There are 10 protein chains.
Amino acid sequence: MLFHVRMNVKLPANMPADVANEIKAREKTYSQELQRSGKWRHIWRLVGEYANYSIFEVGSNAELHDLLSALPLFPYMEIEVTPLCRHPSSVRDGDA
Amino acid sequence: MLFHVRMNVKLPANMPADVANEIKAREKTYSQELQRSGKWRHIWRLVGEYANYSIFEVGSNAELHDLLSALPLFPYMEIEVTPLCRHPSSVRDGDA
Amino acid sequence: MLFHVRMNVKLPANMPADVANEIKAREKTYSQELQRSGKWRHIWRLVGEYANYSIFEVGSNAELHDLLSALPLFPYMEIEVTPLCRHPSSVRDGDA
Amino acid sequence: MLFHVRMNVKLPANMPADVANEIKAREKTYSQELQRSGKWRHIWRLVGEYANYSIFEVGSNAELHDLLSALPLFPYMEIEVTPLCRHPSSVRDGDA
Amino acid sequence: MLFHVRMNVKLPANMPADVANEIKAREKTYSQELQRSGKWRHIWRLVGEYANYSIFEVGSNAELHDLLSALPLFPYMEIEVTPLCRHPSSVRDGDA
Amino acid sequence: MLFHVRMNVKLPANMPADVANEIKAREKTYSQELQRSGKWRHIWRLVGEYANYSIFEVGSNAELHDLLSALPLFPYMEIEVTPLCRHPSSVRDGDA
Amino acid sequence: MLFHVRMNVKLPANMPADVANEIKAREKTYSQELQRSGKWRHIWRLVGEYANYSIFEVGSNAELHDLLSALPLFPYMEIEVTPLCRHPSSVRDGDA
Amino acid sequence: MLFHVRMNVKLPANMPADVANEIKAREKTYSQELQRSGKWRHIWRLVGEYANYSIFEVGSNAELHDLLSALPLFPYMEIEVTPLCRHPSSVRDGDA
Amino acid sequence: MLFHVRMNVKLPANMPADVANEIKAREKTYSQELQRSGKWRHIWRLVGEYANYSIFEVGSNAELHDLLSALPLFPYMEIEVTPLCRHPSSVRDGDA
Amino acid sequence: MLFHVRMNVKLPANMPADVANEIKAREKTYSQELQRSGKWRHIWRLVGEYANYSIFEVGSNAELHDLLSALPLFPYMEIEVTPLCRHPSSVRDGDA
């Protein structure tokens, strides 16, 4: 089951650089583990923004919430989730 | 080069069914040709809406505009284009 | 798996009353069948609006889209879908 | 009488973790008491957000305001209240 | 129990004047009956707009919906309902 | 001359409780004086929000601004003013 | 007493040119009479828009509503009214 | 050449009163000089808001930007500029 | 003096194709004349939209309004005008 | 390939003046280098705002993101990117 997720990151202006860097490093590791597991199917940067569009493939709404709320940057993110389904014109096997 | 596109379709309430069906049939053929060519990489339906999120891979902004403005449903669509680039955490080869 | 759905109905001002009534009658029958099947768990009217908040329980995003797009009033609705999951404070068995 | 309530929680970025945890613990206890009393009929988490949709059943507007403004997280919440009534298509006894 | 209601009226541009006048006459009669009954406590015109702010006093959400959806202008209105309760600084007996 | 006023209060998260309480006490006294004078005709709490809808009766725009800008909570409020006039369907003597 | 008014004009696309011209001619006459009377103090065109910003000087809210609702273009306008008062830095006698 | 300008002032909650007062005093002096020069033609307070509508008469866009960005309160303002021109119904000599 | 202009075109769904084509042909001729005269400095298509961003260089607000309101597509456009001035970092002679 | 970029700058109110000045000086140097290289084709100030509209010419989305995210003011900016292509009415060689 596929979900479209937009994540906007807003770090507090007064967060020390080393704190920010440590959170970002954990975020990267966590994201890459989920990508390799197949649950985080795509992640793209929006040009000019500290934001991404992502596609998740999970077994349930609950699993998606668990994955998202465990993001190290979760407390500093605005997240918007849109459920997807197969488009009748799609010719691609994997697209839901 | 990848672009994220949201398309919302709004057919006029008084469009005859056969006219609508003919346009939709041409739209489907056109979309599937572009998908098979690799330029329209993904298309997903938004649950509960007459809308889709799509990913295009094209050589230039101009090519994307030509593809979109040739959509049979183009006169009845609201389209929002967002340029994408590779996310530094991405582990997937194809994601820009 | 639970989803929160808001449906706003906007019938064209020039739709004849008997056409509108026939569509609404089919909508009611369809809605009640889905409610009895357990897939449409709740439906509430918003006071003063031609709109409802509903809770659906379905097996997948695709099933929800199929149910919603088959609504007789679907061409005249704006629909907004929000995926839900169990709240950590919930004490109710059925709430996801 | 039923009300639909959306609650968005925004804790200040500089709130110490133990203060936040203590407030959340009181919030959970308070919420569960109201749920067991029947006044807070449903609570669902929105996937990917620190937010919930809830259904309250109370005797009056004033009772609802008293319940909401006594939430331990109330000073850190944005709350949106929508009055509900029975939908003419509803087949469920309890839905208003 | 008090509710704040904003009503915006949008008549179709092609509605014949006599049809509009007949609906407005019925609206006025209906409104004045409800005002005299005490259920429609206040109605004020917004300067420069075809809109009003009103205060209703009813026994339940359902009663308010029944009153509003029976307005002759209801099919041509956008209505926004806000539940009210007594303000702790109020010195007026009747204000909820 | 009547005006509809919406006031939203947003106290800074780090304001000490005793400072907030002192301001609120002055606000209450001030509000009640104006209510007793007849200039602040109504005040209602919006359910679930730190906000009110109020009706003022004043002799001029300038008088209204003087009353509002002297509110002890004025620096922490968002205020929206809408001029009202008598509705042609009104049956109430006092409503403008 | 001064009011700031924004008027946006939206004529129906299918209104015959002679009907539109006749309404506009009456609008112009009416506007100029009010300007000469001193009640419509200023009117400026917004560059690139079929819209104006105006300043009215009237004795009451009711007078302003009567003037605005008598505009020949009133049924085709969106109007936004903002009450003004003298600014403490103003050096001009006439500005409220 | 005339421009309509809306200025909203938002002073930081923790700015000391004497600092704020000093800035406001300079703002007033500066504003009154520009008014006397004829470049700042009008300034009106919006009732209930820390905001103003103003009319500037300047020789160029650049001159307007220089005047606005030199406002002592500029760093604490949101400013919206709208270019104006003479309205075809205007009877007033000075209105552009 | 430079202005940034966004134009969105919305032709009525029921406009006959030959009428639309005739208007578009006149629009193109008119636009190219203004471009050649130097007053319409730039025009770019927004990818995927029936819209453009343009830069005009004119002597006054009034001149810009005259140019825009004479566009053959003006009755079917939403136009947003933003006055520009030279940026202090600009190194280009022509940019205002 | 051309892109339209809007940049809004919001420096924290408590940033010391010398820190702000140092960042702005680096921003200016960086901007001017990119302008001279031809990649940052235009930059204009919006009158009355701490914001600019810019036109970039780059070889790819990724190049644009790299340029923008390296801006010294990037952490304090809101940036909105719109892909452009040649307008069919354009007569200018360089406009995409």
Side-chain angles (χ1 to χ4, degrees), chain C residues 1-9 20-21 23-57 61 64 67 71-73 77 80-96, chain D residues 1-9 20-21 23-57 61 64 67 71-73 77 80-96:
Chain C
M1 216 164 53
L2 298 183
F3 291 87
H4 180 278
V5 180
R6 176 171 178 149
M7 304 183 201
N8 282 30
V9 185
N21 289 337
I23 299 176
K24 290 180 193 171
R26 282 193 288 125
E27 177 85 8
K28 187 171 187 174
T29 301
Y30 177 82
S31 167
Q32 294 187 333
E33 282 169 9
L34 286 180
Q35 289 179 65
R36 289 197 189 94
S37 77
K39 291 181 191 304
W40 195 328
R41 292 248 303 233
H42 298 282
I43 179 170
W44 298 284
R45 172 69 76 216
L46 279 73
V47 171
E49 302 189 48
Y50 194 177
N52 69 72
Y53 281 132
S54 290
I55 305 291
F56 282 80
E57 178 171 24
N61 290 348
L64 180 59
L67 296 180
L71 287 163
L73 284 169
M77 278 179 169
E80 186 184 354
V81 174
T82 311
L84 302 175
C85 61
R86 187 172 184 80
H87 193 283
S89 297
S90 177
V91 302
R92 242 178 100 101
D93 282 351
D95 279 0
Chain D
M1 219 165 49
L2 298 183
F3 291 86
H4 180 279
V5 180
R6 176 172 177 150
M7 306 182 201
N8 283 29
V9 186
N21 290 336
I23 299 176
K24 291 178 194 174
R26 281 193 289 124
E27 178 84 8
K28 186 171 189 173
T29 301
Y30 177 81
S31 166
Q32 294 188 332
E33 283 170 9
L34 286 179
Q35 289 180 66
R36 290 198 187 91
S37 78
K39 292 181 190 304
W40 195 332
R41 291 249 301 234
H42 297 284
I43 179 170
W44 298 285
R45 172 68 77 214
L46 280 73
V47 172
E49 302 190 47
Y50 194 178
N52 70 71
Y53 281 132
S54 290
I55 304 292
F56 282 81
E57 180 171 23
N61 291 347
L64 180 58
L67 296 181
L71 287 163
L73 283 169
M77 278 181 170
E80 185 184 354
V81 174
T82 311
L84 302 175
C85 61
R86 186 170 185 81
H87 193 283
S89 297
S90 177
V91 302
R92 244 180 97 103
D93 283 352
D95 280 359

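Protein chains get the first letters and strands the later ones, always in sequence-line order, with residue 1 at the start of each. All figures in this text were calculated on a predicted structure; none of them were measured in a lab.
Ranked by heavy-atom pairs shorter than 4.5 Å toward chain D, the options Leu84(C), Asp95(C), Val47(C) are led by Asp95(C). For the options Asn52(D), Ile43(D), Leu46(D), heavy-atom pairs under 4.5 Å to chain C are most numerous at Ile43(D). Between chain C and the options Ser31(D), Gly48(D), Pro88(D), heavy-atom pairs under 4.5 Å are most frequent for Pro88(D).
Side chains of His4(D) and His4(C): a donor-acceptor N/O pair is present below 3.5 angstrom, by distance only.
Contacts between Ser90(D) and chain C at a heavy-atom distance below 4.5 Å involve backbone atoms as well as side-chain atoms. When heavy atoms are compared at a cutoff of 4.5 Å, Arg86(D) approaches chain C solely by way of its backbone atoms N, CA, C and O.
The closest side-chain heavy-atom distance from Val91(C) to Arg36(D) is below 4.5 Å.
Checked against the 6.0 Å centroid threshold, His42(D) and His42(C) count as a close aromatic pair.
Nearest heavy-atom pair, Gln35(D) versus Arg92(C), reported as atom, atom and distance to 0.1 Å: OE1-N, 4.3 Å.
Residue Ser89(D) forms a side chain to side chain contact (heavy atoms under 4.5 Å, CB included) with just one option from Lys28(C), Lys24(C), Glu27(C), and that option is Lys28(C).
Atom CD1 of Ile55(C) is separated from atom OH of Tyr53(D) by 9.0 Å, given to the nearest 0.5 angstrom.
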